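Here the structure is laid out as structure tokens; the discussion comes afterwards.
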Protein chains: 2
Amino acid sequence: MSLPHAILTALLEQPSSGLELTRRFDRSIGFFWSATHQQIYRELGRLETTGLIRALPQSGPVRGQKKEYEVLPAGRAELARWTGAEDDPRPIRDPLLLRLRAAAVVGTAGLDAELRRHLDLHRAQLAHYEAIGRRDFPAGEGDGADPLQYAVLRAGVGLESFWVRWLAETVESLPPAPALPPAPGPAAGVRSVEGSENPS
Amino acid sequence: MSLPHAILTALLEQPSSGLELTRRFDRSIGFFWSATHQQIYRELGRLETTGLIRALPQSGPVRGQKKEYEVLPAGRAELARWTGAEDDPRPIRDPLLLRLRAAAVVGTAGLDAELRRHLDLHRAQLAHYEAIGRRDFPAGEGDGADPLQYAVLRAGVGLESFWVRWLAETVESLPPAPALPPAPGPAAGVRSVEGSENPS
DNA sequence: AGGTACATGTAACATGTTACATGATTCC
DNA sequence: GGAATCATGTAACATGTTACATGTACCT
């Protein structure tokens, strides 16, 4: 239930049309909550129906014409409520960790290259965030900048730094290329990993 | 498309029934890929239909009786393929970061308590992972333990450590309690944040 | 006979993804 | 008038969530 609130936030920062929102979800807000234009148009329709936003009056034809939205008082109230409400952190949900675990059973073929590829991608993303930091917070946190905006950027930098560090360590720790483990016939030899449920 | 592969991995580690899988998705595998029992039963049905797993023969009634599954060769092959395939890392998707950004617009009421609550939760989760590490990897990475399993645990520890650090810093950096910003009428006063699209 | 834990499922809905459809505007 | 870009949308499907339904086994 975060997409409507992401849109409310974006519209409060700057009233926009669907396509403008889509572009901003490819940059700023999209760095921690991405959405496609289909999702955005669908959600704009719902938010308008429920009276949290409204489309600014238009003249002339509608189809194919830009449609700007602004947040109504009810929308601002809902966003404020949501911001302070209790909502537990989502558990980790990462396909790469799942693949490492699968590799422990079916072999590490292709995994090394994939880890190096991810390492490069995370390094690039980290460099991107650091560039944003230099641009928007040249003096660090101490200056007049919004501590909330700065905290969000720090989270991006911190998470990407973690992945870069972890991937570098993991690539190191991986054996050169045994590629395939016992690789048994139909459901034999499975017992080798039994009992090592981990983490648990 | 990760749930079927999570189930294949779990079944290769240990042939199980739906409920047994559900329990393991509350512990070991669930720490980085959670799933409810409804998802698991639905997916078991699909995997059986597509010939990646099969139910072990049963005698007597079926409804309400345990049904064990094992992975077929096609399932093992599919899991090995997926493990080494290219799949980009998912972008960050975190409601808490979204709420920080929303708070920059609608005010920080309730946010401080929520951050402290998350801090406690992440500290508990970190302690949990560290306990698992002491239990399953007493000698660190150097011993005979599977480096893949150890890498997965290190990821859990590293991510939780990051959140603990970041939340502690962020709670510190937050102003005591201005609670509400200008709080204008319908869509006025919004200009104060304009142009500070961040990160972007 | 009733309660609890075990065990498998259905149904309805919310959210996210992928592919495609349509009209308006601008430039050549 | 054709291509590219801007702009809004539909449709179909995959995945995840929530609530509920049903039967078995065991204990008291």
Side-chain angles (χ1 to χ4, degrees), chain A residues 1-8 11 15-26 29-30 32-50 52-69 82 87-88 90-95 98, chain B residues 1-8 11 15-26 29-30 32-50 52-69 82 87-88 90-95 98:
Chain A
M1 272 282 292
S2 295
L3 179 58
H5 302 98
I7 291 178
L8 288 172
L11 286 181
S16 306
S17 67
L19 192 61
E20 282 162 4
L21 280 177
T22 301
R23 295 224 182 80
R24 293 165 68 194
F25 273 80
D26 283 336
I29 290 191
F32 44 91
W33 202 273
S34 57
T36 61
H37 84 271
Q38 293 87 344
Q39 273 182 282
I40 288 168
Y41 284 118
R42 178 168 59 185
E43 199 60 47
L44 283 171
R46 285 180 198 161
L47 287 168
E48 192 178 16
T49 303
T50 46
L52 301 189
I53 65 174
R54 72 175 186 116
L56 298 182
Q58 281 181 288
S59 53
V62 175
R63 180 85 194 219
Q65 284 304 102
K66 193 200 285 202
K67 205 157 117 193
E68 287 239 319
Y69 291 93
W82 177 77
D87 185 25
D88 285 352
R90 307 285 161 97
I92 301 168
R93 201 153 232 267
D94 190 312
L98 209 51
Chain B
M1 270 282 292
S2 296
L3 179 58
H5 302 98
I7 290 177
L8 287 172
L11 286 181
S16 306
S17 67
L19 193 60
E20 282 162 3
L21 281 177
T22 301
R23 294 223 183 79
R24 293 165 67 194
F25 273 79
D26 284 336
I29 290 191
F32 45 90
W33 203 273
S34 57
T36 62
H37 84 271
Q38 292 87 343
Q39 271 182 284
I40 288 168
Y41 283 119
R42 179 167 59 184
E43 199 61 46
L44 282 172
R46 284 179 198 163
L47 287 169
E48 192 178 16
T49 303
T50 47
L52 301 189
I53 65 174
R54 72 176 186 118
L56 299 181
Q58 281 181 288
S59 53
V62 175
R63 182 86 195 217
Q65 284 304 103
K66 192 201 285 200
K67 203 157 115 192
E68 288 240 317
Y69 291 93
W82 177 77
D87 185 26
D88 284 353
R90 308 284 161 97
I92 301 168
R93 201 153 232 268
D94 191 311
L98 210 49

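If you're wondering where the values come from, they're calculated on a predicted model, not measured in any experiment. Throughout, protein chains are lettered first and strands after them, A, B, ... in sequence-line order, and every chain is numbered starting at 1.
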- Do the side-chain N or O atoms of B:Y41 get closer than 4.0 angstrom to the phosphate oxygens (OP1, OP2) of C:dG9? no

- What distance do B:D26 atom CG and B:L21 atom CG have between them, rounded to the nearest 0.5 Å? 11.0 Å

N/O-N/O pairs, protein side and nucleotides 16-18 of chain C side, under 3.5 Å:
from: C:dG16; atom 1: OP1; to: B:R93; atom 2: NH1; distance (Å): 2.9
from: C:dG16; atom 1: OP2; to: A:Q39; atom 2: NE2; distance (Å): 3.0
from: C:dG16; atom 1: O5'; to: A:Q39; atom 2: NE2; distance (Å): 3.4
from: C:dG16; atom 1: N7; to: A:R42; atom 2: NH2; distance (Å): 2.6
from: C:dG16; atom 1: O6; to: A:R42; atom 2: NH1; distance (Å): 3.4

- Message: On a heavy-atom basis, which atom in B:E20 and which in B:S17 lie closest, and how many Å separate them?
- Response: OE1-N, 3.1 Å

- Item | Whole-Å distance separating the CZ atom of A:R46 from the P atom of D:dT10 | 12 Å

- Query: Can you list the residues that meet the side-chain hydrogen bond (donor to acceptor under 3.5 Å, both in side chains) rule with B:S16, with sequence neighbours excluded?
  - Reply: B:R24

- Mind calculating the distance between CD1 (A:I40) and C1' (D:dT8) to the nearest angstrom? 12 Å

- Task: Take atom CD of B:E68 and atom C1' of C:dA7, then tell me their distance rounded to the nearest Å.
- Result: 12 Å

- Message: So, OP1 or OP2 of D:dG9: does either fall under 4.0 Å of a side-chain N or O from A:K67?
- Response: yes

- Note on the structure: Atom CG of B:L44 and atom C1' of C:dG9 are separated, to the nearest Å, by 12 Å

- Query: Which whole-number value in Å describes the distance from B:F25 CZ to D:dT15 P?
  - Reply: 14 Å

- Query: Starting at CG of A:L19 and ending at P of C:dA24, how long is that distance when rounded to a whole Å?
  - Reply: 17 Å

- Query: On DNA chain C, nearest-nucleotide positions of A:M1 versus A:H37: which is more 5'?
  - Reply: A:M1

- Nearest non-hydrogen partners of A:M1 and A:W82, listed with the distance: O-NE1, 4.2 Å

- Query: Which heavy atom of B:L3 sits nearest a heavy atom of B:A35, and at what distance?
  - Reply: CD1-CB, 3.8 Å

- Note on the structure: Interatomic distance, NE2@B:H37 vs CG@B:L44, rounded to 0.5 Å, equals 11.5 Å

- Say whether, by atom type as modelled, one donor and one acceptor occur between the side chain of B:S34 and the main chain of B:G30 under 3.5 angstrom. no

- Between C:dA14 atom C1' and A:L47 atom CG, what is the distance in whole Å? 14 Å

- Nucleotide C:dT8, atom C1' - distance to CD of B:E48 in whole Å: 13 Å

